[in-house]
Amino acid sequence: QVQLVESGGGLVQPGGSLRLSCTASGRTFSTYAIGWFRQALGKEREFVVAINWSDGRTYSAPSVKGRFTISRDNAKSTVHLEMNSLKPEDTAVYFCAADLNTAQAMALRGPGYWGQGTQVTVSS
């Protein structure tokens, strides 16, 4: 089992920035992906961005490319999501996710592990 704990989130104005973090614990593997999905009210959960723990390659949804950046801290088993130029349509519950596969595969097939989620609200 892999446990994922998110931190960060909150209320930010349009055009602002926010940082989310996710720390993994429990059973860990040398090759797995970790990243974020989000779910807005009344909508399907969607992939946002993920990173391969082994080689650092990332995979992003087109809607966040150039605005969201994911990075990893190997020593702390933590990933960070820097969100810039936030828009009202970025408002959602953001879920940390992990899978025993690549970031791209996780984006297409979904993850095996989920965090509890953290609310991000972009509003003036």
Side-chain angles (χ1 to χ4, degrees):
Q1 288 289 336
V2 174
Q3 291 80 44
L4 304 170
V5 178
E6 302 107 334
S7 60
L11 173 65
V12 63
Q13 292 187 342
S17 299
L18 208 58
R19 188 195 205 200
L20 304 181
S21 298
C22 176
T23 299
S25 62
R27 187 183 183 188
T28 56
F29 302 88
S30 60
T31 54
Y32 65 94
I34 187 168
W36 299 88
F37 286 69
R38 68 185 181 186
Q39 187 169 18
L41 195 62
K43 294 189 176 181
E44 297 284 323
R45 193 171 297 188
E46 65 176 3
F47 171 77
V48 178
V49 63
I51 187 168
N52 293 341
W53 199 261
S54 58
D55 61 15
R57 286 189 178 182
T58 63
Y59 187 74
S60 300
S63 61
V64 304
K65 272 186 178 178
R67 300 190 299 123
F68 290 13
T69 303
I70 189 170
S71 62
R72 74 194 195 281
D73 182 338
N74 290 11
K76 297 181 179 180
S77 297
T78 298
V79 294
H80 302 290
L81 178 61
E82 300 285 349
M83 303 185 291
N84 298 313
S85 302
L86 283 162
K87 307 174 182 179
E89 50 264 43
D90 293 317
T91 295
V93 177
Y94 283 70
F95 296 90
C96 183
D99 197 63
L100 303 175
N101 216 316
T102 65
Q104 186 172 5
M106 186 171 76
L108 297 174
R109 302 168 193 167
Y113 304 96
W114 292 100
Q116 293 297 310
T118 185
Q119 178 70 45
V120 172
T121 303
V122 185
S123 174
S124 55

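For the pair Cys96/Trp114, no side-chain contact is recorded, criterion being any heavy-atom separation below 4.5 Å from C-beta on. The shortest side-chain heavy-atom distance between Val79 and Trp36 falls under the 4.5 Å cut-off.
When hydrophobic clusters are built by joining Ile, Leu, Val, Met, Phe, Trp and Tyr residues whose side-chain heavy atoms come closer than 4.5 Å, directly or via intermediates, Tyr59 is not grouped with Leu100. Put simply, Met106 and Tyr113 are part of two different groups of oily side chains (I, L, V, M, F, W, Y) that touch within less than 4.5 Å, one to the next. The same ILVMFWY cluster, assembled from side-chain heavy atoms under 4.5 Å apart, contains both Phe95 and Phe47.
Remark: Asp90 engages Arg67 in a salt bridge, criterion side-chain N to carboxylate O under 4.0 Å.
Taking CZ from Phe68 and OG1 from Thr58, the interatomic distance works out to 14.0 Å, rounded to the nearest 0.5 Å. The structure places CG of Leu18 at 4.5 Å from CE of Met83, a figure rounded to the nearest 0.5 Å. One distance of note links CD1 of Ile70 with OG of Ser60; it measures 8.0 Å at 0.5 Å rounding. Arg45 CZ to Phe37 CZ: the interatomic distance, rounded to the nearest 0.5 Å, is 9.0 Å. Rounding to the nearest 0.5 Å gives a distance of 8.0 Å between OG1 of Thr78 and CD1 of Ile34.
Here the closest heavy-atom approach between residue Arg38 and residue Ser63 is recorded as NH2-OG, 3.7 Å. When every heavy atom of Ala24 is checked against every heavy atom of Leu4, the shortest pair comes out as CB-CD2, 3.8 Å. Counting all heavy atoms, side chain and backbone alike, Arg72 lies closest to Gly56 at NH1-CA, 3.1 Å. Here the closest heavy-atom approach between residue Tyr94 and residue Ala92 is recorded as CD1-O, 3.4 Å. Shortest non-hydrogen contact noted between Pro14 and Ser124 is CD-N, 3.7 Å.
For the pair Asn84 (side chain) and Ser17 (backbone), a donor-acceptor distance under 3.5 Å is absent. At least one donor-acceptor pair closer than 3.5 Å links the side chain of Thr91 to the backbone N or O of Val122. With hydrogens and angles disregarded, a donor-acceptor distance shorter than 3.5 Å links the side chain of Gln39 to the backbone of Lys43. A donor-acceptor distance shorter than 3.5 angstrom exists from the side chain of Asn52 to the backbone of Ala103, with no hydrogens or angles considered. Checking side-chain atoms of Glu6 against main-chain N and O of Gln116 turns up a donor-acceptor pair under 3.5 Å.
Relative ring orientation between Tyr32 and Trp53 is described as parallel, the plane-to-plane angle staying below 30° on a 0-90° scale split at 30° and 60°.
Of the residues Ser21, Ser71, Ser7, the one that meets the side chain to side chain donor-acceptor pair (under 3.5 Å) test with His80 is Ser21.
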